[in-house]
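What follows is a single structure, and I will ask about it in a moment.
In listed order, ligands and their atoms are each counted from 1. Counting begins at 1 with the first residue of the sequence.
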Amino acid sequence: MTQELVTQVNGAPRALPADHVENGFFQQHILSVRQFDRDKLQYIHRVANEMRSLVRRFGKANLLDGKILANLFYEPSTRTSSSFQAAMLRLGGRTISINEVHYSSVTKGESLPDTVRTLESYCDLTVLRHPQKGASALAAQYARKPLINAGDGAGEHPTQALLDIYTIEDDLGRLDGLRVAMMGDLRYGRTVHSLTRLLCLYDTQFTFVSPEALRLPAEIREELEASGHRYAEQRELEDTIGEIDVLYVTRVQKERFEDPEQYEQLKDVYVVDPELMSHAKQDMIVMHPLPRVYELSMEVDDDPRAAYFRQMENGMYIRMALLAAVLGKA
Ligand code: NCD
């Protein structure tokens, strides 16, 4: 089915109503971090700060009363789906969740465009996760209401990158002048792809740590070069750990491997543990989109530099900010 869908990609996403308010997000699809610039990020960060204080003081903000979000997931998810759901509920809206593989007409052979068109006739916005790169862009060609990419295969995961960059600014107080190391599955890790692109908007010094087989895709290396960023690629982190401000660790993406044996060889090449952390700066942070498997020891959890639980919480504020902006109430 997925192969067929790709052949239908033939043009730009269908345009949404143009009567938008000044934030630039109103009624827009969120498909890629390429849609963002520094001003838009600052806007979303400001709204997320407001959402955080509203949630902490009152637990809610009834901005989206009467609106319905469709959570359409063709791949497993814990954080992304539940934080979108919680974000919508805290804004006073409601949600419909469809986990496609098991419970919907996809098992009867229904196409992605038809499923999206069905859901948006009941809802105001669709959040889509799909195993195929480009699936959200494809669905957006058919969608008449805003669609948010919640992960398209090994492509992008824009809302994760938004919460990641928000967490970096919140924890370190700045986004320019940072040394950022990304370590693990840089090939298939969509969160790395999106965050790298966003950090290209800032003065960032990148180090990419991976085995050759999991190297950052050429497409993104070319974008780094085109934007004039310096970066290093290396097999080991050890030499550099003492110099970096952000260590972004990813899971080896088992589900993307064609050869299970190759996964077995690569799954635990890196492990962040207290020994490694003893060589890191005191004011750096360790990030991970989660879930973790082998690459991040639980012994690091109580280290104040461990930012991954803060990332997780920030995901809800960022998604509240985005929903309010897209549905016009920010
Ligand atoms: C990530 C994803 O789905 O890409 N998880 C998430 O959304 N927090 C990372 C992963 O699955 O490894």
Hey, is the main chain of Lys145 close enough, under 3.5 Å, to the side chain of Glu120 for a donor-acceptor pair?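 Flag set: sc Glu120 to bb Lys145 pair under 3.5 Å.
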
Between Arg56 and Glu313, does any NZ, NE, NH1 or NH2 come within less than 4.0 Å of an OD or OE carboxylate oxygen?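 Yes, Glu313 and Arg56 are salt-bridged.
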
Would Leu199 end up clustered with Leu247 when hydrophobic side chains under 4.5 Å apart are linked, directly or stepwise?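 Different clusters: Leu199 never reaches Leu247 through Ile, Leu, Val, Met, Phe, Trp or Tyr contacts under 4.5 Å.
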
Whether Phe25 and Phe36 hold their rings parallel, tilted or perpendicular, with breakpoints at 30° and 60°: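 Rings of Phe25 and Phe36: tilted, 30 to 60°.
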
State, yes or no, whether a side-chain contact exists between Met277 and Val272 at a heavy-atom distance under 4.5 Å.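 A side-chain contact exists here, since the closest heavy-atom pair is under 4.5 Å.
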
Write out the protein residues near ligand 1, meaning a non-hydrogen atom under 4.0 Å from one of its atoms, in order of chain and number.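 Contacting ligand 1 under 4.0 Å are Thr80, Arg129, His157, Gln160, Arg190, Thr191, Arg251, Gln253, Pro289, Leu290, Pro291.
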
Non-hydrogen side-chain atoms of Asp273 and Met298 separated by less than 4.5 Å: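 Not in contact.
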
